Novice: 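One structure follows; several queries about it will come next.
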Amino acid sequence: FDTSPQKLARRFPQDFLFGVATASYQIEGAATADGRKPSIWDAFSHMPGRVKGGDTGDVACDHYNRLDADLDLMAGLGAEAYRFSIAWPRILPDGTGWINETGLDFYDRLLDGLKARGIKAFATLYHWDLPLALMGRGGWTDRDTASAFARYAGIVTKRLGDRLDTIVTFNEPWCSVYLGHLTGVHAPGERAMEAAMAAAHVTNLAHGLGVQAIRAERPTLPTGIVLNAMSVMAASDSDADRKAAERASDFNNGVFFGPLFQGAYPASLLEGCPDLAGHIRDGDLETINQPLDFWGLNYYTPTRVSDNPDAAFPHTADAPAVRPEKTDIGWEIEPAGLSHVVKDLYGRYELPPFYITENGACDNTGIENGAVSDTMRLDYIARHLSVAADLVAEDYPLKGYFAWSLMDNFEWAEGYSMRFGLVHVDYETQTRTVKQSGEWYRHLIAAHGKA
Ligand code: GBH
């Protein structure tokens, strides 16, 4: 595969944005600084056995204390946009009630630093760090959390919105809903379909109320949501497997895309998960179905499924990978999965323009003689960008691409064992070293700027 950054750059229009992405709990550290109180991830990571190696986000990349140096790092890569998330427990340490101005000050400095360097600001309100205090009432399974989120969204938009280029309500509700409430591998670690269905609906409602709160403060601020839409592929052409793939789409994608973009949950989901219907009140679907300016797609790997009548809804089993290449976290490398999911979704729903808000690879190559030769990551990103360029050529309204991630960070249940950064982080010394992939990305952006 030809990874020439100059050739790739030429395939993107001038106004296409190349950025880098992070999330608050994964990089900030400073878990008790300046009035911040715990989130569900602080609690979860401190529970024995939940995160590999007992790792926590207490210090992470210490980004909170190294803001200026990290902004310089982004500028050094030539990043045109930075996608970051805001820690709700810094702004509203109790989830509701008093506003912590000192917490807002940090993001103030971040936004001023981005402006000074000419980098566009893409903010996400929720990347999984729910204030722990809200768990007292049931967290995402409790409707009041949706109103608390809307208030938080309004507060952030009012104070910081003048320097934001875009705002996003949720990052990957699939993860916070299903990994958090059905499989329990993410915070808060619940394992029940009933909890998952409550969390799905309350999260969707929170999105709708959040968008209303953002619009009320700043009607022209481009507003959206980021979804890790699954690229569902049937394991075979058999009728049973193809129907299984349809159910898997409804369960994993339709549960969000349906209410968000069509004002209705998929029929198969309502039937297969009878707990869901009980949470829907009159007017909820209208609230959820707000017009959006854009949406974000996070894509890493396809999901292959086969029929399994014995399993709970959607009655599927994970099918084996088809392609032999895997990243160091074990995910199959399949760039065609990116075009597959985009074409599938634009075929099913009426969608606004989109960004690829995350894409990248776990490549654990370490430092040797002061350099990191992460050729697998470089190749992965180049291949996926090539597919992105094909989508642009086919007139899909793709506006930009964000590499996950700017730097190695706290990879949730995997702790610090899995590295996704364009920049290497030594967690002992907090030294940052730009990897070969980072240098390559810098060349790509520079070439795009000159074209
Ligand atoms: C994103 O989650 C997150 O937004 C980000 O915080 C995180 O660091 C990053 O990606 C890397 O993980 O188990 O083989 O079936 C991505 C979450 C990744 C969840 C793919 C489902 C299926 C892979 N998704 N995963 S597999």
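Keep in mind the model is a prediction, meaning the values are calculated, not measured. In what follows, every heavy atom counts, from backbone to side chain, and hydrogens, waters and symmetry copies are set aside.
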Novice: Atom NE2 of His384 and atom CG of Asp379: how far apart are they, to the nearest 0.5 Å?
Specialist: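 It comes to 10.0 Å.
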
Novice: For Met376 and Cys362, work out which heavy atoms get closest and say how close.
Specialist: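 Closest approach of Met376 to Cys362: CE-O, 3.4 Å.
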
Novice: Taking atom types as modelled and ignoring hydrogens, do the side chains of Ser405 and Thr22 form a donor-acceptor contact shorter than 3.5 angstrom?
Specialist: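 Judged by distance alone, the side chains do not pair up.
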
Novice: With sequence neighbours excluded, what pairs up with Glu286 under the salt bridge (charged side-chain N to carboxylate O under 4.0 Å, His left out) test?
Specialist: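 Per chain and number, Glu286 pairs via salt bridge (charged side-chain N to carboxylate O under 4.0 Å, His left out) with no residue.
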
Novice: Looking only at non-hydrogen atoms, find the nearest pair between Gly421 and Asp408 and report the distance.
Specialist: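 So the two residues come closest at N-OD1, 2.9 Å.
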
Novice: Would you list the pairs meeting salt bridge (charged side-chain N to carboxylate O under 4.0 Å, His left out) in which at least one residue belongs to residues 213-223, sequence neighbours left out?
Specialist: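 Output for this query lists Arg215-Asp293.
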
Novice: Please check if the number of heavy atoms outside Arg117 that lie under 6.0 Å from its CZ is greater than 12.
Specialist: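 Above 12, so yes.
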
Novice: With Lys37, which of Thr32, Asp94, Asn100 fulfils side chain to side chain donor-acceptor pair (under 3.5 Å)?
Specialist: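 With Lys37 as partner, side chain to side chain donor-acceptor pair (under 3.5 Å) holds for just one option, Asp94.
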
Novice: Under a 4.0 Å threshold between the charged nitrogen and the carboxylate oxygen, would Arg66 count as salt-bridged to Asp70?
Specialist: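 Not counted as a salt bridge, because no side-chain N and carboxylate O are separated by less than 4.0 Å.
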
Novice: Between Arg36 and Pro89, is there a donor-acceptor pair closer than 3.5 Å when you use the side chain of the first and the backbone of the second?
Specialist: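 No.
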
Novice: For Arg442, what residues pass the salt bridge (charged side-chain N to carboxylate O under 4.0 Å, His left out) criterion, not counting sequence neighbours?
Specialist: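 Salt bridge (charged side-chain N to carboxylate O under 4.0 Å, His left out) check on Arg442 returns Glu439.
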
Novice: Going by atom types only, do Asn308 and His315 share a side-chain donor-acceptor pair under 3.5 Å?
Specialist: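 Absent: no donor and acceptor within the cut-off.
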
Novice: Using a strict threshold of under 4.0 Å (side-chain N to carboxylate O), is an ion pair present between Glu80 and Lys399?
Specialist: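 Salt bridge flag = no for Glu80 with Lys399.
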
Novice: What pairs with Tyr64 under ring pair (Phe, Tyr, Trp, His ring centres under 6.0 Å), at least two apart in sequence or on another chain?
Specialist: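 Applying ring pair (Phe, Tyr, Trp, His ring centres under 6.0 Å) to Tyr64 gives Phe106.
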
Novice: Taking all non-hydrogen atoms of both residues into account, name the closest pair between Thr357 and Phe402 and its distance.
Specialist: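 Nearest pair, atom of Thr357 first, then Phe402: O-CB, 3.4 Å.
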
Novice: Using the ring of each side chain (for Trp, its six-membered ring), is Tyr126 parallel, tilted or perpendicular to Phe149, with breaks at 30° and 60°?
Specialist: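 Plane angle over 60°, so perpendicular.
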
Novice: So for atom NZ, which belongs to Lys120, do other residues, nucleotides or ligands contribute more than 12 heavy atoms lying within a distance under 6.0 Å?
Specialist: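 No, the 6.0 Å shell around NZ holds no more than 12 heavy atoms from other groups.
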
Novice: Please work out which of the three classes, parallel, tilted or perpendicular, describes the rings of Phe294 and Tyr355, given edges at 30° and 60°.
Specialist: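 If you compare the ring of Tyr355 with that of Phe294, the planes turn out perpendicular.
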
Novice: What pairs meet the salt bridge (charged side-chain N to carboxylate O under 4.0 Å, His left out) rule with one or both residues in residues 160-189, with sequence neighbours excluded?
Specialist: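 For residues 160-189, and leaving out neighbouring residues, the salt bridge (charged side-chain N to carboxylate O under 4.0 Å, His left out) pairs sorted by first residue read Asp108-Arg163, Asp112-Arg163.
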
Novice: Begin with the C-alpha distance, continue with both residues' side-chain angles, and end with the deciding distance and a verdict on ring pair (Phe, Tyr, Trp, His ring centres under 6.0 Å) for Phe122 and Tyr82.
Specialist: CA-CA 6 Å; Phe122 278 54; Tyr82 176 47; over 10 Å; no

Novice: Ignoring hydrogens, what is the shortest heavy-atom contact between Pro93 and Trp98? Give both atom names and the distance.
Specialist: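 Distance-wise, the nearest heavy atoms are CG-CZ2, 3.3 Å.
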
Novice: Holding to ring pair (Phe, Tyr, Trp, His ring centres under 6.0 Å), I want the full list of residues that pass it with Phe16, two or more places apart in sequence or in another chain.
Specialist: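 Phe16: ring pair (Phe, Tyr, Trp, His ring centres under 6.0 Å) contacts with Phe12, Phe18.
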
Novice: Under the 3.5 angstrom rule, does the side chain of Thr145 hit a backbone N or O of Gly139 as a donor-acceptor pair?
Specialist: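 Yes: the side chain of Thr145 pairs with the backbone of Gly139.
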
Novice: Can you tell me how far the OG1 atom of Thr303 sits from the CD atom of Glu334, to the nearest 0.5 Å?
Specialist: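 Between Thr303 OG1 and Glu334 CD, I get 12.0 Å after rounding to 0.5 Å.
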
Novice: Only pairs at least two apart or in different chains count here, so list each salt bridge (charged side-chain N to carboxylate O under 4.0 Å, His left out) that has a residue in residues 123-144.
Specialist: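 For residues 123-144, and leaving out neighbouring residues, the salt bridge (charged side-chain N to carboxylate O under 4.0 Å, His left out) pairs sorted by first residue read Arg143-Asp284.
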
Novice: For Ala23 and Trp404, which heavy atoms make the closest approach, and how far apart are they?
Specialist: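 Nearest pair, atom of Ala23 first, then Trp404: N-CH2, 3.7 Å.
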
Novice: Please list all pairs passing the ring-ring contact (aromatic ring centres under 6.0 Å, His included) test where one or both residues lie in residues 263-285, with sequence neighbours left out.
Specialist: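 Listed by first then second residue: His201-Tyr265.
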
Novice: For Asp307, which residues count as a salt bridge (charged side-chain N to carboxylate O under 4.0 Å, His left out) partner, sequence neighbours excluded?
Specialist: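 Only Arg247 meet the salt bridge (charged side-chain N to carboxylate O under 4.0 Å, His left out) criterion with Asp307.
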
Novice: Once rounded to the nearest 0.5 Å, what's the spacing between atom OH of Tyr401 and atom CD1 of Ile356?
Specialist: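 Rounded to the nearest 0.5 Å, the OH-CD1 separation comes out at 7.0 Å.
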
Novice: Can Thr124 and Asn171 be counted as having a side-chain donor-acceptor contact under 3.5 angstrom?
Specialist: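 No, Asn171 and Thr124 have no side-chain donor paired with an acceptor closer than 3.5 Å.
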
Novice: Look at the aromatic rings of Phe420 and Trp331 and report parallel, tilted or perpendicular, splitting at 30° and 60°.
Specialist: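 Tilted: the ring planes of Phe420 and Trp331 meet at 30° to 60°.
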
Novice: Test side-chain hydrogen bond (donor to acceptor under 3.5 Å, both in side chains) on Tyr25 and Ser45 and set out the steps.
Specialist: CA-CA 11 Å; Tyr25 190 68; Ser45 65; 3.0 Å; yes

Novice: Between the main-chain N or O of Val156 and the side-chain N or O of Tyr107, is there a donor-acceptor pair closer than 3.5 Å?
Specialist: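 Flag not set: sc Tyr107 to bb Val156 has no pair under 3.5 Å.
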
Novice: Using the ring pair (Phe, Tyr, Trp, His ring centres under 6.0 Å) rule, take Phe410 and Tyr416 through it: C-alpha gap first, then chi angles, then the decisive distance, then the call.
Specialist: CA-CA 5 Å; Phe410 177 79; Tyr416 298 100; 5.5 Å; yes

Novice: For residues 248-257, dump all side-chain donor-acceptor pairs below 3.5 Å to protein atoms at least two apart in sequence or in another chain.
Specialist:
residue: Ser249; atom: OG; partner: Ala245; partner atom: O; Å: 3.2
residue: Asp250; atom: OD2; partner: Ser268; partner atom: OG; Å: 2.7
residue: Asn252; atom: OD1; partner: Trp174; partner atom: NE1; Å: 2.7
residue: Asn252; atom: ND2; partner: Ala248; partner atom: O; Å: 2.8
residue: Asn253; atom: OD1; partner: Met230; partner atom: N; Å: 2.8
residue: Asn253; atom: ND2; partner: Met230; partner atom: O; Å: 3.0

Novice: Using atom types as modelled and distance alone, determine if a side-chain donor or acceptor of Trp41 lies under 3.5 Å from a backbone N or O of Pro188.
Specialist: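 Such a contact is absent between Trp41 side chain and Pro188 backbone.
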
Novice: With Glu101, which residues qualify under salt bridge (charged side-chain N to carboxylate O under 4.0 Å, His left out), at least two apart?
Specialist: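 Glu101 satisfies salt bridge (charged side-chain N to carboxylate O under 4.0 Å, His left out) with Arg159 only.
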
Novice: What distance do Asp42 atom CG and Asp58 atom CG have between them, rounded to the nearest 0.5 Å?
Specialist: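 Going from the CG atom of Asp42 to the CG atom of Asp58 covers 6.5 Å.
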
Novice: Indicate whether the side chain of Tyr300 and that of Asn359 have a donor and an acceptor atom separated by less than 3.5 Å.
Specialist: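 Short answer, no.
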
Novice: For the side chain of Arg383 and the backbone of Leu378, is there at least one donor-acceptor N/O pair under 3.5 Å apart?
Specialist: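 The answer is no, because no donor-acceptor pair under 3.5 Å joins these two groups.
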
Novice: If only side-chain N and O atoms count, and only distance matters, is there a donor-acceptor pair under 3.5 Å linking Arg377 with Asn364?
Specialist: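 Per modelled atom types, Asn364 and Arg377 side chains form no pair under 3.5 Å.
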
Novice: Taking only residues two or more places apart in sequence, or in another chain, which ones meet His340 in a ring pair (Phe, Tyr, Trp, His ring centres under 6.0 Å)?
Specialist: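 Expected list: none.
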
Novice: Are the charged groups of Glu28 and Arg90 less than 4.0 angstrom apart, N to O?
Specialist: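 Looking at Arg90 together with Glu28, the answer is yes, because their closest N to O distance falls below 4.0 Å.
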
Novice: State which residue, out of Lys52, Arg50, Arg419, fulfils the salt bridge (charged side-chain N to carboxylate O under 4.0 Å, His left out) condition with Glu414.
Specialist: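 Among Lys52, Arg50, Arg419, the one meeting salt bridge (charged side-chain N to carboxylate O under 4.0 Å, His left out) with Glu414 is Lys52.
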
Novice: Applying ring pair (Phe, Tyr, Trp, His ring centres under 6.0 Å), run through Phe170 and Trp140 and close with a yes or a no.
Specialist: CA-CA 13 Å; Phe170 285 84; Trp140 286 116; 5.4 Å; yes

Novice: For the pair Arg109 and Asp68, find out whether any cationic side-chain nitrogen is under 4.0 Å from an anionic carboxylate oxygen.
Specialist: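 Looking at Arg109 and Asp68, the cut-off is not met.
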
Novice: CG/Leu130 to CD1/Ile40 distance, rounded to the nearest 0.5 angstrom?
Specialist: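 Interatomic distance, Leu130 CG to Ile40 CD1, rounded to 0.5 Å: 5.0 Å.
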
Novice: So how far is it from Asp363 CG to His424 NE2, rounded to the nearest 0.5 Å?
Specialist: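 The distance works out to 10.5 Å.
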
Novice: On a heavy-atom basis, which atom in Gly337 and which in Ser231 lie closest, and how many Å separate them?
Specialist: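 Result for this residue pair: O-OG, 2.8 Å.
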
